[in-house]
A.B. asks: 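Below: one structure in structure tokens.
These numbers were taken from a predicted model, which means no experiment stands behind them.
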2 protein chains.
Amino acid sequence: QQQRHLYGFTGVTLAKWLITITIGFLVGTVAYVIASHQELVTTAKKRGIMMALNNGYGLWTAFAGYCLFGITVVTFASCLVIFWTPAAAGGGVTLVMAYLNGNDVPDFFRLNTLFAKVIGTLCTVSSGLPIGQEGPMVHIGGAIASSLTWMQGYVPRRRKNGTHQQSGSFFGKLKPKFFVFDFHNDYDRREFISAGAAAGLAAAFGSPIGGVLFALEEASSFWSKKVMWRSLLCTSVATLVLSWLHEKEFSFALPGTMSFHNLQPEFVLGDLPLFVITSAAAGALGSLVNALHAWLARIRPPSDKKLARLAEAILVTFVIIVMMFVLAHLGGTCHFVPEGTDEEEFWFQYTCPNPVDGRAYYNDLASLYLAVPRQSIQKLFRLGKDAVPAFAKMTLGIHCVSWIIIFSLAYGIATPGGIFLPCMVVGSSCGALLGMFFKILFPNVDVQPGLHALIGATAMLGSMFRTSISVIVIVVEGTGGVDFILPLILAVVISNWVAHHLHHESAYEIDLGNIGSITFLHNEPTHAMIPITAADIMSENVECFPEIVTVKTVVEVLKRTRHNGFPVLRYSTSSPQADGPRTQGTFVGLVLRHQLLLLLEQRAWITVESPDDTIPIIPGPENCIITNDIWKIEHAMRVYHHCHNPHRRYLTSRAEELEMLDITEPETTSLESTQVQVQNGESVPQENGQRSPEATNARKEERALDLRPFMNRAPLTVRAECSAQRVFVIFRTLGLRHLCVTDAYNRVIGMITRKDIANAQKRTHFAQAQDDLESKGANAESMYHLP
Amino acid sequence: QQQRHLYGFTGVTLAKWLITITIGFLVGTVAYVIASHQELVTTAKKRGIMMALNNGYGLWTAFAGYCLFGITVVTFASCLVIFWTPAAAGGGVTLVMAYLNGNDVPDFFRLNTLFAKVIGTLCTVSSGLPIGQEGPMVHIGGAIASSLTWMQGYVPRRRKNGTHQQSGSFFGKLKPKFFVFDFHNDYDRREFISAGAAAGLAAAFGSPIGGVLFALEEASSFWSKKVMWRSLLCTSVATLVLSWLHEKEFSFALPGTMSFHNLQPEFVLGDLPLFVITSAAAGALGSLVNALHAWLARIRPPSDKKLARLAEAILVTFVIIVMMFVLAHLGGTCHFVPEGTDEEEFWFQYTCPNPVDGRAYYNDLASLYLAVPRQSIQKLFRLGKDAVPAFAKMTLGIHCVSWIIIFSLAYGIATPGGIFLPCMVVGSSCGALLGMFFKILFPNVDVQPGLHALIGATAMLGSMFRTSISVIVIVVEGTGGVDFILPLILAVVISNWVAHHLHHESAYEIDLGNIGSITFLHNEPTHAMIPITAADIMSENVECFPEIVTVKTVVEVLKRTRHNGFPVLRYSTSSPQADGPRTQGTFVGLVLRHQLLLLLEQRAWITVESPDDTIPIIPGPENCIITNDIWKIEHAMRVYHHCHNPHRRYLTSRAEELEMLDITEPETTSLESTQVQVQNGESVPQENGQRSPEATNARKEERALDLRPFMNRAPLTVRAECSAQRVFVIFRTLGLRHLCVTDAYNRVIGMITRKDIANAQKRTHFAQAQDDLESKGANAESMYHLP
């Protein structure tokens, strides 16, 4: 058996690495398609505007055409999201985080969500809205990983009752013969989804290491060396494929989407305060955007008002396009296109005069608005110390302010789209503006506005997402500017510090707050958890079962409660009238709702005799013999989620499932249950033998479940005296879902679930917020507790 | 109290950040001193040789002078290590890892170890031995952090018995008034030491992010956001200071110790197999070096033979210097110094002809041997596609092979010194050699030997240390070559894979194996742990105490065993004659050896009456009232290690400590114990009241300890059925030291300690090695399980 075991592992390992490489390949391809599509459409739209202007149709016609196109694609994307796959809305990073933290996010990784997300992102990025593809790429990466791991899974035989139907996806029916491994467990899926998400971000920014670090720092709640290796392979394959497709030949160079080469890594002591000012300003701006986003999220139409959401998307698109055209017309200034620059398509003539002496004019604000975001960022980064002033200060000011407004408006409408790159655009234009002012104010310091743009963009990312290393590495890999790493670290540290004092939450936390149903466990317990104990956070009145429990009781409890885990108790029979505590039963195991449902569905019950409706007390041996049938049921339990709910990882407690099982009260002992009893014969006789002496007087027969072979016989428990902080750490690091609280005699006195922990977090958060009013100083510490 | 609590936190936070910055500052300074010292001495030595040659004293004189200097400094460093601070030997990274994993490494972070390490490293790097300062910098960083956190700690009042004397360090006596915070707990110290180690590596390579990732991936076993932020700040301060000192003006540029600028990031499909070959070759070389190191470690004189170790150090130095001089004379070739290169001092004339027409000659092998390692690496990296062939192929071949031999010899002698940079030198010369061959073999592919040198160096690091992301980031930051990141990832993945198949262990694991006393818990459980349970790995026959235990029993058990944790049991008194199991006692808490020692030292005993020498059974309330005295003892327990053993974190069980306490059998009830009884009066009467009915007949008085106020009342337990894998994860992620194994009735049936886990690891490692012979395929999976 050991041999087969090892062979099995090896095969699975190979399959896993192949899947990892495939994920990287697909993610890279999708990223390329989206990016090149965006560039093509943007260029075509600009050409259209210029054709309209040059042929005398006027700005109004150009505007109408632009607007019509934008509204059409946004409407399409919005309809896709609202009426078909609501899970595809927004960036998706938050939900990937929530999923990897252990939440059930229904339909989030389905194939149709993936499809809608790709199509929707293509539409959104080509609409001209200030929305990026980086967040969606993280979701797409995760969804590709999920689909690939699920596709080649084991497909169960069809059963006559309805529970199986809901997994009837197209690919599920293919049942590929060549892949025989099934990744039923959470660990494997989580690993692949982490790797996929990392690859998504890596492909979006051209940053293989940054993607891994993003997954490590933000996306994944559980991390190991294995996940690191898998993510690294996945991100590098994705980046490689992207780079190859971009270059049209096999190339190892980083795509370097935002590279610049004309900044000098020369800084002097005098630069330091200027860097600090820029970082602090961008950090403040980041928390302002967060606050704006949180406020807007409250006044947007709720997700169940579908038409209102559609109208919102259309209205927002219209307003944004109007703003862009009007501001570019009124606020933009005309310059000569600087010589010797590449990417000529960036410089956009708009309403500026026609070329004079072969030198073309461009409208600086229109160029910034209508370009692909990464081109704008690149141009701002390239403002060297002796560079031509390609943008007027007025332009940068208008751009910075207006862009904050329009991207806050746009982020949250019912289309796929993220805010990484728009946020970098704001940061870099704010930084460049400050850099230009510094150039005037301190003429004897060699200020490079492009460097301030770089610092501003990084600080903005840092303050909006409260990340540290990953954002630095992403920026370094994306721009190739490894020499600027020390100012970037400074920017991230200062902006995090400033942002924390202004607005408590990161963009992810705001989103998590808006989604009510998510219980997100942060990395560290809050301070206020220190003085309280497990007894303070546990739920009392736990529903428990004895080791052998009547079907009636189980059905009744399952219908009545929505719990997912039930402690199993052993009742002492040798001296049932003994000291009080013992009659409460000793905690011997934990059984899950889905296990009970499966036992009921398979009719795996035995018959017992009980005097009346009370729980039968059966003196059994500590362990019962495991038969083949029990093994089969055990296996079915393991693959339960995979078979029944491939896209809903955790069974939420729905009463209708119970009805579907069609458990009726037996008039007599049914044929079926007798059969099962015969099958289980090997285990039952012992008990029968022991039971018979007591069961002499007239008792009615009762169907019951023997939970002993199926329950988790080694569940972790804590004492009521255990500090809540420690409970949190145990819960979080081990990824538990149920933790029983016991006393010294191993009696269950409470149960702690994710919800209890999350409630304690919230309670204490609230308490802490009140304390903060009294003593502001506490912030400096708790800052580093936040994720 | 909440208010004061918060204020307290804030003050501690500020102090922590100040300490972090100070650590970074000091580490950066030390790194600068060592690096510039090395350069100065190396240049001076070369000048000395040239003076000897030019003035006609001949090569023999030069050799004698060089040799004499080398042997003198090595002897000095070796004496320092052997006769004063044995903990300062070698690189130290392994022991930092072991410490952060939770081991007791005596004297490792003392001030005199730090001092000896700095001085010793200065000596070693100036001796000309192929030994780097990177490993020692990690140790120095950790030691600086440890000293700083400890220095400002709380110094206990002097006690009359001897236990206090051993903490009498100079700085301990200063008792600074301005810092009132004490970091007694492991968590804080671990955080600072992680940050210090990260800063050490960052300063050595000029790589702030790489240092953090090194600490994350290799050094630290426990990691959190907080540690990440602290390490990031510490590494960036260290790098900044280093950069500033190097530039002699305030600069933000990375020190970039190994930068190159003439490689083009242009690769085509044809390069891919060549990259793979170079990576695989360097990976194989890395595992060869590991195997050589493991073999040499076995035949070196043991550390207790001090004179033999000193002789070894001198002999090895002599042999190495002879090899260098002879090989450079015989194997080196003379070239013209290429024009337009900086760092002219690298090119070393040695025995080559004098300059002709103003163009100087140099001996290529002598240049490589006698240069600072980072200069050699830099020169090899700069071999571009059209570069002059600065080194002959013969030279590179000799250099690569001889360098492997001499650095394997040198790594392990009794001096401070690491192998990071020497290992990169070997890798890069091997890569450059292969690149030159490829250039001849495939003339139509634009092979850049420097790029192959880069890949070789990275692959070598990857295969020797089995790291992934950190080594890539260190190389990228150290060289500034962010465009080469994809080949570097490839190099690391392939070399890890190759190396794993050739030699199972990384350099760290070999060192850990050589140090017998360390129990290192890896990140992931081994595969063979899956089928076994907690019952298979636990130690049985646990020594337990009742809640109130006689002093005699405690002293006897403490003398007899070397255990550090003792379960506390409650014996049921309501029905002591009841069912069998209950008389074994219920597990209610855990008490540690140092707590017992402190209780004994403070004479905090009560008097009880027991019929004879058996354990007194006292029916007490569940909780006893906590008096002020108990609080004081409790606090003393918390700061115990800080006061008694500041440099030995975990109390090893030494019997002499017990003797020092001077516990004698009382003839009658002593005055002292009566006093304590009066002080504890508030808690005792209740028990007296309850006890008196039973204690009527003649019983002799006995001194006893009441463990209830001090024991850990919420220790984590597992069931015997719990899988060993899960036990490992619990133990590892929560950083436990004792885990009690209980049955369903909460009776203690075993105890699991670090040693048990480590033994299980070894057992199963061995079992796995046997399995590997049968099925080679399993390696591919287990590769990614190794740290």
A.B. asks: Applying side-chain contact (heavy atoms from CB on, under 4.5 Å) between S236(B) and each of V493(A), I485(A), L486(A), report the one that passes.
C.D. replies: L486(A)

A.B. asks: Is V212(A) close to chain B through its backbone or its side chain, or both, or neither, when contacts mean heavy atoms under 4.5 Å?
C.D. replies: side chain

A.B. asks: Among all residues two or more places apart in sequence or in another chain, which pass the side-chain contact (heavy atoms from CB on, under 4.5 Å) test with V241(B)?
C.D. replies: F25(B), T29(B), V237(B), L245(B)

A.B. asks: Examine whether an atom of L213(A) lies under 4.5 Å from a heavy atom of chain B, and if so say whether it belongs to the side chain, the backbone or both; otherwise answer neither.
C.D. replies: side chain

A.B. asks: Is there side-chain contact between W229(B) and V492(A), with at least one heavy-atom pair below 4.5 Å?
C.D. replies: yes

A.B. asks: Provide the closest heavy-atom pair for S468(A) versus M228(B) in the form atom of the first, atom of the second, distance.
C.D. replies: OG-CG, 3.7 Å

A.B. asks: With distance as the sole test, does K225(B) use its side chain to make a donor-acceptor pair with the main-chain N or O of E217(A) at under 3.5 Å?
C.D. replies: yes

A.B. asks: Answer whether the closest heavy-atom distance between the side chains of T733(A) and V729(B) falls below 4.5 Å.
C.D. replies: no

A.B. asks: At a heavy-atom separation under 4.5 Å, does L736(A) approach chain B through its side chain, its backbone, both, or neither?
C.D. replies: side chain

A.B. asks: I'd like to verify something: which residue of V718(B), T717(B), I730(B) has the highest number of heavy-atom pairs under 4.5 Å with chain A?
C.D. replies: I730(B)

A.B. asks: Rounded to the nearest 0.5 Å, how far apart are CG of L734(A) and CG of L734(B)?
C.D. replies: 5.5 Å

A.B. asks: When only pairs under 4.5 Å are counted, which of L716(B), I209(B), L216(B) shares the most heavy-atom pairs with chain A?
C.D. replies: I209(B)

A.B. asks: How many angstroms lie between OG1 in T239(B) and CD1 in I489(A), if you round to the nearest 0.5 Å?
C.D. replies: 6.5 Å

A.B. asks: Chain B heavy atoms under 4.5 Å from V473(A): which part of the residue, side chain, backbone, both or neither?
C.D. replies: side chain

